[in-house]
K.L.:
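Questions regarding the structure given below will be posed in turn.
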Amino acid sequence: MTSQDAAASAKPAPKDPWELPDVSGLVVGVLGGTGDQGRGLAYRLARGGQQVIIGSRAAERAETAAAELGLGIRGLDNAGCARESDIVIVAVPWDGHAKTLTALRTELAGKLVVDCVNPLGFDKQGAYALVPEEGSAAQQAAALLPDSRVTAAFHHLSAVLLQDPEVTEIPTDVMVLGEDRADCETVQALAQRIPGMRGVFAGRLRNAHQVESLVANLISVNRRYKAHAGVRLTDI
Ligand SMILES: NC(=O)c1ccc[n+]([C@@H]2O[C@H](COP(=O)([O-])OP(=O)(O)OC[C@H]3O[C@@H](n4cnc5c(N)ncnc54)[C@H](OP(=O)(O)O)[C@@H]3O)[C@@H](O)[C@H]2O)c1
């Protein structure tokens, strides 16, 4: 064996990018979980076996939504939801994003935060992407939550499909962005708790803007084809 061969054989084999952690024991909270997207994600993840807590600005609204969805889902106010969860999905409208996260900075410290907010405007011509001062909703979250681990994912899912109990599989890719590879893998694994979904690492948060913005295009697709379009990445 040459010294080069020896050096190569000493290197650990590259990790299989599809090898993802077991997330089945993690509690997932959904801020704004009383809305369409939050309810849909809560329902799908709970149906996949995850422990889920719906958060709301009003605990009673969260309790009502949780009772309607069943599957052992609990409802708390947003602060309680953040405190009791390991992973916290942010599913509030862009308008309330900064205010919600600023108020929950303490509760979200040390948590894995998953932002799925798409900053969009709507006019007579349809949906269009807004450009947040920080670059994207996810970057705004990272700036407001210095003690949390912020990722971005679940932007392109249809809340209609998520909430439809007749739909057994949602065959789509979930683009996951973040600064820390292990955190992204946790979120990828979470996406894969939903039958049909594949979690795909899609870069760092500085590239979240175009992922969030793509929803404006999906809305145009959905209007033109009367569909609930998602994304599929090819050749991986
Ligand atoms: N709908 C979709 O298909 C979809 C898909 C992918 C991503 N998203 C993203 O997910 C987020 C939620 O979408 P959605 O359609 O579920 O929105 P939504 O129904 O308008 O709002 C979700 C929940 O957020 C809370 N909320 C409303 N205004 C708020 C404010 N100003 N501050 C804090 N909380 C507020 C409300 O819950 P409480 O009143 O109970 O607090 C509401 O039920 C959006 O950012 C959207 O871009 C949506």
Side-chain angles (χ1 to χ4, degrees), residues 28-45 52-69 73-82 88-105 107-108 113-122 126-132 134 136-141 144 150-164 167 170 172-177 187 190-191 194 197 208-223 227-231:
V28 180
V30 188
L31 305 177
T34 56
D36 282 340
Q37 170 76 347
R39 285 172 81 101
L41 282 171
Y43 172 68
R44 282 294 151 185
L45 290 169
V52 178
I53 304 174
I54 280 183
S56 165
R57 287 169 296 179
E60 317 81 73
R61 280 203 293 277
E63 284 159 17
T64 304
E68 284 166 7
L69 292 175
I73 297 172
R74 291 188 287 148
L76 294 172
D77 66 9
N78 280 331
C81 168
V88 183
I89 299 174
V90 185
V92 298
W94 168 240
D95 278 357
H97 185 255
K99 193 172 163 209
T100 302
L101 297 184
T102 302
L104 296 174
R105 185 179 290 197
E107 290 81 359
L108 289 171
V113 172
V114 189
D115 205 296
C116 73
V117 171
N118 303 307
L120 296 178
F122 293 87
Y128 61 95
L130 302 175
V131 186
E134 298 81 355
S136 62
Q139 286 167 294
Q140 183 184 80
L144 293 173
V150 175
T151 60
F154 301 123
H155 308 86
H156 307 139
L157 303 179
S158 155
V160 174
L161 295 183
L162 289 172
Q163 291 184 87
D164 184 346
V167 172
I170 305 182
T172 192
D173 285 340
V174 172
M175 296 171 80
V176 180
L177 296 92
V187 180
L190 187 65
I194 302 174
M197 280 190 204
H209 172 66
Q210 56 268 29
V211 172
E212 296 170 3
S213 301
L214 186 63
V215 173
N217 304 82
L218 291 178
I219 290 171
S220 301
V221 170
N222 289 340
R223 286 188 177 168
H228 304 294
V231 297

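One-based numbering, in listed order, for ligands and for the atoms of each. Given the structure is predicted, the values throughout are model-derived calculations rather than measurements.
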K.L.:
Quick check on contacts: which atoms of ligand 1 are under 4.0 angstrom from a heavy atom of Thr34?
P.N.:
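Once the distances to Thr34 are compared, the set is 36 (C), 37 (O), 38 (P), 40 (O), 42 (C), 43 (O).
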
K.L.:
Tell me, which protein residue and heavy-atom name are nearest atom 19 (O) of ligand 1, and how many Å apart are they?
P.N.:
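Looking at atom 19 (O) of ligand 1, the protein heavy atom closest to it is Gly35 CA, 3.4 Å.
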
K.L.:
Which residue is it: Leu69, Thr64, Leu41? I am looking for the one with a side chain to side chain contact (heavy atoms under 4.5 Å, CB included) to Ile54.
P.N.:
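Single side chain to side chain contact (heavy atoms under 4.5 Å, CB included) partner of Ile54 among Leu69, Thr64, Leu41: Leu69.
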
K.L.:
Taking only heavy atoms of Cys116, which atoms of ligand 1 are found under 4.0 Å from at least one of them?
P.N.:
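Reading through ligand 1 atom by atom, the close ones are 7 (C), 8 (N), 9 (C), 10 (O).
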
K.L.:
Any idea which protein heavy atom is nearest atom 24 (O) of ligand 1, and the distance to it?
P.N.:
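Protein heavy atom at minimum distance: Pro93 CD, 3.4 Å.
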
K.L.:
Where do Leu177 and Val211 land on the side chain to side chain contact (heavy atoms under 4.5 Å, CB included) test, with the steps shown first?
P.N.:
CA-CA 9 Å; Leu177 296 92; Val211 172; 4.0 Å; yes

K.L.:
Just which atoms of ligand 1 are under 4.0 Å from any heavy atom in Phe154?
P.N.:
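Near Phe154, meaning under 4.0 Å from one of its heavy atoms, ligand 1 has 6 (C).
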
K.L.:
Indicate, as side chain, backbone, both or neither, the part of Arg61 found under 4.0 angstrom from ligand 1 when only non-hydrogen atoms are considered.
P.N.:
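Near ligand 1, Arg61 shows its side chain, while the N, CA, C and O stay back.
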
K.L.:
Let's go through Leu108 and Leu101 carefully: what are the C-alpha distance in whole Å and the side-chain angles of both, what is the deciding distance for side chain to side chain contact (heavy atoms under 4.5 Å, CB included) to 0.1 Å, and is it a yes or a no?
P.N.:
CA-CA 8 Å; Leu108 289 171; Leu101 297 184; 4.0 Å; yes

K.L.:
Identify, by atom number and element, the atoms of ligand 1 in contact range of Ala159, meaning under 4.0 Å from any of its heavy atoms.
P.N.:
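In order of number, 1 (N), 2 (C), 3 (O).
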
K.L.:
Quick test: of every protein heavy atom, which one is nearest to atom 32 (N) of ligand 1, and how far off is it to 0.1 Å?
P.N.:
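That would be Gly96 CA, 3.5 Å.
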
K.L.:
Do me a favour and list the nearest non-hydrogen protein atom to atom 34 (N) of ligand 1 with residue, atom name and distance?
P.N.:
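Atom 34 (N) of ligand 1 sits closest to the protein heavy atom Arg57 NE, 3.5 Å.
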
K.L.:
With rounding to the nearest 0.5 Å, note down the distance linking CG in Leu120 to CD in Glu212.
P.N.:
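It comes to 9.0 Å.
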
K.L.:
Show, in sequence, the C-alpha distance, side-chain angles and deciding distance for Leu31 and Cys81, and conclude whether the side chain to side chain contact (heavy atoms under 4.5 Å, CB included) test is met.
P.N.:
CA-CA 7 Å; Leu31 305 177; Cys81 168; 4.1 Å; yes

K.L.:
Under a 3.5 Å threshold, yes or no: a donor from one side chain and an acceptor from the other, between Asp115 and His155?
P.N.:
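No, because no side-chain N or O of Asp115 sits under 3.5 Å from a partner of the opposite role on His155.
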
K.L.:
Which part of Thr100 is near ligand 1, with near meaning a heavy atom under 4.0 Å away: side chain, backbone, both or neither?
P.N.:
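Side chain only.
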
K.L.:
Out of Leu190, Asp173, Thr172, which residue meets the side chain to side chain contact (heavy atoms under 4.5 Å, CB included) rule with Met197?
P.N.:
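Of Leu190, Asp173, Thr172, side chain to side chain contact (heavy atoms under 4.5 Å, CB included) with Met197 is met by Thr172 alone.
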
K.L.:
Counting from 1, what ligand 1 atoms have a heavy atom of Ser56 closer than 4.0 Å?
P.N.:
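The list of qualifying atoms is 38 (P), 40 (O), 41 (O).
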
K.L.:
Under 4.0 Å, heavy atoms only, figure out whether ligand 1 is touched by the backbone of His155, its side chain, both or neither.
P.N.:
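The answer is the backbone of His155.
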
K.L.:
Taking only heavy atoms of Asp36 into account, list the atoms of ligand 1 that are under 4.0 Å away from them.
P.N.:
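Answer for ligand 1: 16 (O), 19 (O).
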
K.L.:
Measuring from atom 46 (C) of ligand 1, which candidate in Val90, Leu161, Leu162, Asn118 has the nearest non-hydrogen atom?
P.N.:
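Closest candidate by heavy-atom distance is Asn118.
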
K.L.:
May I ask you to identify the nearest protein heavy atom to atom 45 (O) of ligand 1, giving residue, atom name and distance to one decimal place in Å?
P.N.:
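Going by distance alone, atom 45 (O) of ligand 1 is nearest to Val92 O, 2.7 Å.
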
K.L.:
With a 4.0 Å cut-off on heavy atoms, is Ala91 in contact with ligand 1?
P.N.:
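Yes, Ala91 has a heavy atom closer than 4.0 Å to ligand 1.
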
K.L.:
Scan side-chain atoms only and decide if Ser136 and Gln139 contain a donor-acceptor pair under the 3.5 Å cut-off.
P.N.:
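The criterion, which ignores hydrogens and geometry beyond distance, is satisfied for Gln139 and Ser136.
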
K.L.:
For Arg74 and Glu63, run salt bridge (Lys or Arg N to Asp or Glu O under 4.0 Å): C-alpha distance rounded to whole Å, both residues' side-chain angles, the deciding distance at 0.1 Å, then the answer.
P.N.:
CA-CA 7 Å; Arg74 291 188 287 148; Glu63 284 159 17; over 6 Å; no

K.L.:
Find all atoms of ligand 1 within a distance of less than 4.0 Å from any non-hydrogen atom belonging to Val117, and give their numbers and elements.
P.N.:
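In order of number, 45 (O).
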
K.L.:
Provide, to 0.1 Å, the distance between atom 23 (C) of ligand 1 and the closest protein heavy atom, together with that atom's residue and name.
P.N.:
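Nearest neighbour among protein heavy atoms for atom 23 (C) of ligand 1, to 0.1 Å: Gly32 O, 3.4 Å.
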
K.L.:
Below a 4.0 angstrom heavy-atom separation, can you tell me which part of Leu157, side chain or backbone, both or neither, approaches ligand 1?
P.N.:
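For Leu157, only backbone atoms sit under 4.0 Å from ligand 1.
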
K.L.:
Rounded to the nearest 0.5 Å, what separates atom CG in Leu45 from atom CD1 in Ile89?
P.N.:
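The distance works out to 5.5 Å.
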
K.L.:
For the residue pair His156 and Leu218, what are the closest heavy atoms and their distance?
P.N.:
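Distance-wise, the nearest heavy atoms are CB-CD1, 3.7 Å.
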
K.L.:
Would you say that Arg44 contacts Ile170 through its side chain, given a criterion of any heavy-atom pair below 4.5 Å between the two side chains?
P.N.:
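Yes, close enough: below the 4.5 Å cut-off.
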
K.L.:
Would you check whether Gln37 has a nitrogen or oxygen atom less than 3.5 angstrom from a nitrogen or oxygen atom of ligand 1?
P.N.:
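Such a contact does occur with ligand 1.
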
